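Below is one structure, written out as C-alpha cells, with a few remarks after it.
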Amino acid sequence: MSWGTELWDQFDNLDKHTQWGIDFLEKYAKFVKERIEIEQNYAKQLRNLVKKYCPKRSPKDEEPRFTSCIAFFNILNELNDYAGQREVVAEEMGHRVYGELMRYSHDLKTERKMHLQEGRKAQQYLDMCWKQMDNSKKKFERECREAEKAQQSYERLDNDTNATKADVEKAKQQLNLRTHMADENKNEYAAQLQNFNGEQHKHYYIVIPQIYKQLQEMDERRTIKLSECYKGFADSERKVIPIISKCLEGMILAAKSVDEHKDSQLVIDCFKSGFEPPGDFPFEDYSQNIYRTISDGTISTPKQEGMRIDAKTTVGKAKGKLWLFGKKPKGPALEDFSHLPPEQRRKKLQQRIDELNRELQKETDQKDALIKMKDVYEKNPQMGDPSSLQPKLTETMSNMDRLRMEIHKNEAWLSEVEGKVAARSDRRHSSDINHLVTQGRESPEGSYTDDANQEVRGPPQQHAHPNEFDDEFEDDDPLPAIGHCKAIYPFDGHNEGTLAMKEGEILYIIEEDKGDGWTRARRHNGEEGYVPTSYIDVTLEKNSKGAVTYI
C-alpha cells in the first residue's frame with residue numbers, strides 16, 4: 001500500500017491532505033493549550049479557596065483545637081496539595097504535549113514544503129520533455145506534408161509533355177530536399193519520443209513514487225506523533241493519580257479523625273469554671289423578734305444595741321460586695337489569674353508553668369554551653385578569654401534563679417487551686433445532707449438558738465433580689481467568723497471593697513473563697529473586706545473568737 005503506486009495521479013489531493021493533517025495537528029495543539037489554561041485556572045482557584053478558608057492564627061493562639069476543626073484544616077492542606085498536582089498536570093501537558101506539538105508542526109511544514117517542491121520540479125521537467133517531443137513530432141509532420149507536396153509536383157511535371165527538362169529536374173531536386181528533411185525530422189522525433197518515454201517512465205515509477213513515499217511517511221509520522229501526544233495527554237494526569245489518591249485518602253482519614261466525644265470534652269475544658277451550682281436558699285425568719293417580744297413581754301433593746309455595727313464595718317461590708325458585679329481588682333489579681341474561674345485559672349497557671357519550664361531548660365542549656373566554652377578557653381587561652389564569659393554566665397544564673405522563683409510561686413498558686421477544686425468536689429457530695437442539718441436547727445415556732453456559730457447564714461447579697469425591704473434588714477447581723485488567717489504577703493487594698501493588711505497580721509475569716517481567688521476577712525476593729533486568697537494562710541475552725549465577737 002503505497003501512495004506512489006496507488007495515487008500516482010493525485011498530486012493535488014495529496015497536497016490538500018497533507019495540509020489538512022498539519023491543520024488538524026495544530027488544532028489539537030490548540031485544544032491542549034486551552035486544557036492547560038483550564039488546569040492552571042483550576043489550580044489557582046483551588047489555592048485561593050484554601051487561602052480564604054485557612055485559619056490565620058499565630059502559633060500562640062489558644063483557640064480550642066476541636067477535632068472537627070483540625071480535620072477541616074487537614075482537608076484544606078490536602079486540597080492545597082491536590083491543587084499542586086493540577087499544576088503538575090498543566091506543566092507536564094505544556095512541556096510534553098503542547099510544546100512538542102508546536103515544534104513538530106514547524107518541522108512538518110518545512111518537510112512538506114520540500115517534498116511538494118520536489119514533486120512540482122519533477123512534473124515540470126516531465127512537461128518540458130513532453131513539449132520537446134511534441135515540437136519534434138509537429139516538425140516531422142510538417143516536413144512530411146511538404147515532402148508529399150514536392151512528390152506530387154514532381155510527378156505532375158514529369159507526366160506533363162509540355163514541361164521542360166529543367167522544370168522536371170528542379171522539381172526532382174526539391175523532392176529530394178524535402179524527403180531528406182523529412183527523414184531528419186523523423187529521426188529527431190524518434191529520439192525525442194524515446195527520451196520522453198524514458199523520462200515519463202522514470203517520473204511515474206521512480207521519482208513520483210519516491211516523493212509520494214516521503215509524503216506518506218511524513219503523514220504517518222504525524223499520525224504517530226498525534227497518537228503519542230494523546231497518550232502523553234492521558235499520562236500527564238495518570239502520573240499524579242497516586243498522589244491525588246493519597247490526598248483524597250488524607251481527606252477521608254481527616255473525616256474519620258473527627259471525635260464528637262473529644263470535642264465535647266474540649267468544650268468542657270474550655271468553658272468549665274470550677275464553681276459549684278448555687279445551693280438552695282435557706283429560709284429567713286423575719287418573725288423571730290416578734291416571737292421573742294411576745295415571749296419576753298418586753299422589747300429586746302439590748303439585742304438591738306448588741307447588733308449595732310460600727311460604721312466602718314458597715315462600709316467595709318458594703319464595699320466588699322460592690323466589686324463582685326463591677327470592676328474587678330487589678331494588680332496582683334492578674335498575676336495569679338485569680339480573676340478567672342478556678343478551672344480556667346488552673347489551666348492558665350499550668351500553661352505558664354510549662355512555658356517557664358521551657359525557658360528554664362533553655363537557660364540551663366545555655367549555662368552548660370557557657371561552662372563548656374569556659375573550660376575550653378581555660379585549657380586553650382589562645383581561643384579566647386575565659387573571663388569574658390563570666391558576665392553572660394552570671395546573667396544566665398540570675399535568669400535561672402528568677403525562673404525558679406516564678407515556677408515555685410506559680411506552682412504554689414496551682415496547688416492552692418487544685419486543692420480548692422478537690423475540696424469543692426468533696427463538699428458537693430455532702431451538700432444536700434448539710435442543708436438538711438442546717439434547716440433542722442430551727443424550732444417549730446421559727447426561733448433560733450442563741451449560739452451564733454450554729455446560726456444559718458443567709459444567701460450572699462449579690463444573689464438577693466433587691467426590694468424596698470433590703471435596706472432595713474441588710475446589716476442587722478454581721479457575718480460570724482468561721483476561722484482565722486495569717487497574712488503571708490502585704491496587701492495595699494486600694495481597690496474598692498478590698499481590705500489592706502500587713503505581713504504577719506492575723507485576721508478573721510467570715511466568708512470562704514468562692515473560687516474567684518478572694519476571701520472575705522475582718523479585723524479586730526470590725527473592718528471588713530476582701531483579700532487575695534493566695535496572700536494568706538487560712539485556718540478554718542468550728543469555734544472561733546470571731547464567731548462570738550458581735551452578738
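Please read all numbers here as calculations on a predicted model, not as lab measurements. Below, all heavy atoms of this structure are taken into account, side chains as well, without hydrogens, waters or symmetry copies.
Electrostatic pairing of Glu505 and Lys486 does not count as a salt bridge here, judged by no charged N lying under 4.0 Å from a carboxylate O. A salt bridge is defined here as a Lys NZ or Arg NE, NH1 or NH2 lying under 4.0 Å from an Asp or Glu carboxylate O, and Arg35 with Glu237 meets this definition. Under a 4.0 Å N-O distance rule, the pair Arg238/Asp235 qualifies as a salt bridge. A salt bridge is absent between Arg522 and Glu527; no separation between the charged side-chain nitrogens and carboxylate oxygens falls under 4.0 Å. The pair Glu363-Lys367 fails the salt-bridge criterion, with no side-chain N (NZ, NE, NH1 or NH2) lying under 4.0 Å from an Asp/Glu carboxylate O. In this structure, Lys362 does not pair ionically with Asp365, as no charged nitrogen and carboxylate oxygen lie closer than 4.0 Å. Between Glu100 and Arg103, at least one side-chain nitrogen of the basic residue sits less than 4.0 Å from a carboxylate oxygen of the acidic one, meeting the salt-bridge criterion.
Proximity of Gln390 to Leu393: side-chain heavy atoms (C-beta onward) are separated by under 4.5 Å at one or more points. Side-chain atoms of Leu79 and Tyr82, non-hydrogen and from C-beta on, do get closer than 4.5 Å to each other. Looking at heavy atoms from C-beta onward, Arg523 lies in side-chain contact with Leu499 at the 4.5 angstrom threshold. Residues Ile488 and Tyr535 form no side-chain contact, since every pair of their non-hydrogen atoms from C-beta on lies 4.5 Å or further apart. Using a 4.5 Å heavy-atom cutoff, the side chains of Pro386 and Lys374 are in contact. Considering only heavy atoms from C-beta on, Phe66 stays 4.5 Å or farther from Lys262 through its side chain. Residues Ser534 and Glu416 meet the side-chain proximity criterion, which asks for heavy atoms closer than 4.5 Å. Contact annotation: the side chain of Pro532 approaches that of Phe491 to within less than 4.5 Å [non-hydrogen atoms, C-beta and beyond].
Side-chain contact annotation: Asp354 with Gln350, donor-acceptor N/O pair under 3.5 Å present. In this structure, a donor-acceptor pair under 3.5 Å is present between the side chains of Asp269 and Gln265.
Separation of atoms CZ (Arg402) and CG (Leu360) is listed at 10.0 Å; rounding is to 0.5 Å. To the nearest 0.5 Å, atom CZ of residue Arg352 and atom CG of residue Leu349 are 6.5 Å apart. Expressed to the nearest 0.5 Å, how far NE2 of His484 lies from CD1 of Ile536 amounts to 11.0 Å. Here the straight-line distance linking atom CZ of Arg520 with atom CD1 of Ile482 works out to 11.0 Å at 0.5 Å rounding. Atom CD of residue Glu91 and atom CD of residue Gln85 lie 11.0 Å apart, to the nearest 0.5 angstrom. Separating the OH atom in Tyr377 from the OG atom in Ser387 is a distance of 11.0 Å, to the nearest 0.5 Å.
Residues Val258 and Ser68 approach most closely at CG2-CA, 4.0 Å, considering heavy atoms. Between Tyr98 and Ala29, the shortest heavy-atom distance links the atoms CD1-O, 3.1 Å. The shortest non-hydrogen separation linking Cys229 to Leu101 is SG-CD2, 3.3 Å. Scanning both residues, Val531 and Ala521, for their nearest heavy atoms gives CG2-CB, 4.4 Å. The heavy-atom pair separating Ala43 from Ala83 by the smallest distance is CB-O, 3.4 Å. The minimum heavy-atom distance linking Ala71 with Ser257 is given by the pair CB-OG, 4.0 Å.
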Show every donor-acceptor pair shorter than 3.5 Å between a side-chain atom in residues 46-53 and any protein atom, with sequence neighbours excluded, or say none if there are none.
from: Arg47; atom 1: NE; to: Glu87; atom 2: OE2; distance (Å): 3.0
from: Arg47; atom 1: NH1; to: Asn80; atom 2: OD1; distance (Å): 2.9
from: Arg47; atom 1: NH2; to: Glu87; atom 2: OE1; distance (Å): 3.2
from: Asn48; atom 1: ND2; to: Lys44; atom 2: O; distance (Å): 3.3

In a table with atom names and distances, give each donor-acceptor pair under 3.5 Å that connects a side chain of residues 243-253 to protein atoms at least two apart or in another chain.
from: Ser245; atom 1: OG; to: Ile241; atom 2: O; distance (Å): 2.8

Could you walk me through whether Asp401 and Arg404 pass the salt bridge (Lys or Arg N to Asp or Glu O under 4.0 Å) check?
CA-CA 5 Å; Asp401 293 338; Arg404 288 192 183 99; 3.4 Å; yes
Take Leu414 and Arg346 through the test side chain to side chain contact (heavy atoms under 4.5 Å, CB included) and record every step on the way to the result.
CA-CA 6 Å; Leu414 182 62; Arg346 182 188 65 77; 3.5 Å; yes
I'd like to know whether Asn41 forms a side chain to side chain donor-acceptor pair (under 3.5 Å) with Gln45, so could you lay out the CA-CA distance, the side-chain angles of the two residues, the decisive distance to 0.1 Å, and finally the verdict.
CA-CA 6 Å; Asn41 292 333; Gln45 290 177 2; over 6 Å; no
Which is it for Phe31 and Phe233 under the ring-ring contact (aromatic ring centres under 6.0 Å, His included) test, yes or no, and what are the steps along the way?
CA-CA 11 Å; Phe31 162 77; Phe233 183 84; 5.7 Å; yes
Before you tell me yes or no, could you show the steps for Asn74 and Asn77 under side chain to side chain contact (heavy atoms under 4.5 Å, CB included), namely the whole-Å CA-CA distance, both residues' side-chain angles and the distance that decides it to 0.1 Å?
CA-CA 5 Å; Asn74 291 335; Asn77 291 331; 4.2 Å; yes
Side chain to side chain contact (heavy atoms under 4.5 Å, CB included) for Glu528 and Ile510? Distances and angles first, verdict last.
CA-CA 9 Å; Glu528 296 180 1; Ile510 60 176; 3.4 Å; yes
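In this view, Lys392 satisfies the side chain to side chain donor-acceptor pair (under 3.5 Å) rule with no residue, not counting sequence neighbours.
When the shell of 6.0 Å around OH of Tyr230 is examined, it contains more than 12 heavy atoms from other residues, nucleotides or ligands. Counted within 6.0 Å of CD on Gln366, heavy atoms from surrounding residues, nucleotides or ligands total more than 12; the atom is thus considered enclosed.
Side-chain atoms of Thr67 come within 3.5 Å of backbone N or O of Asp259 as a donor-acceptor pair. Using modelled atom types, no side-chain atom of Thr533 and backbone atom of Asp513 make a donor-acceptor pair closer than 3.5 Å.
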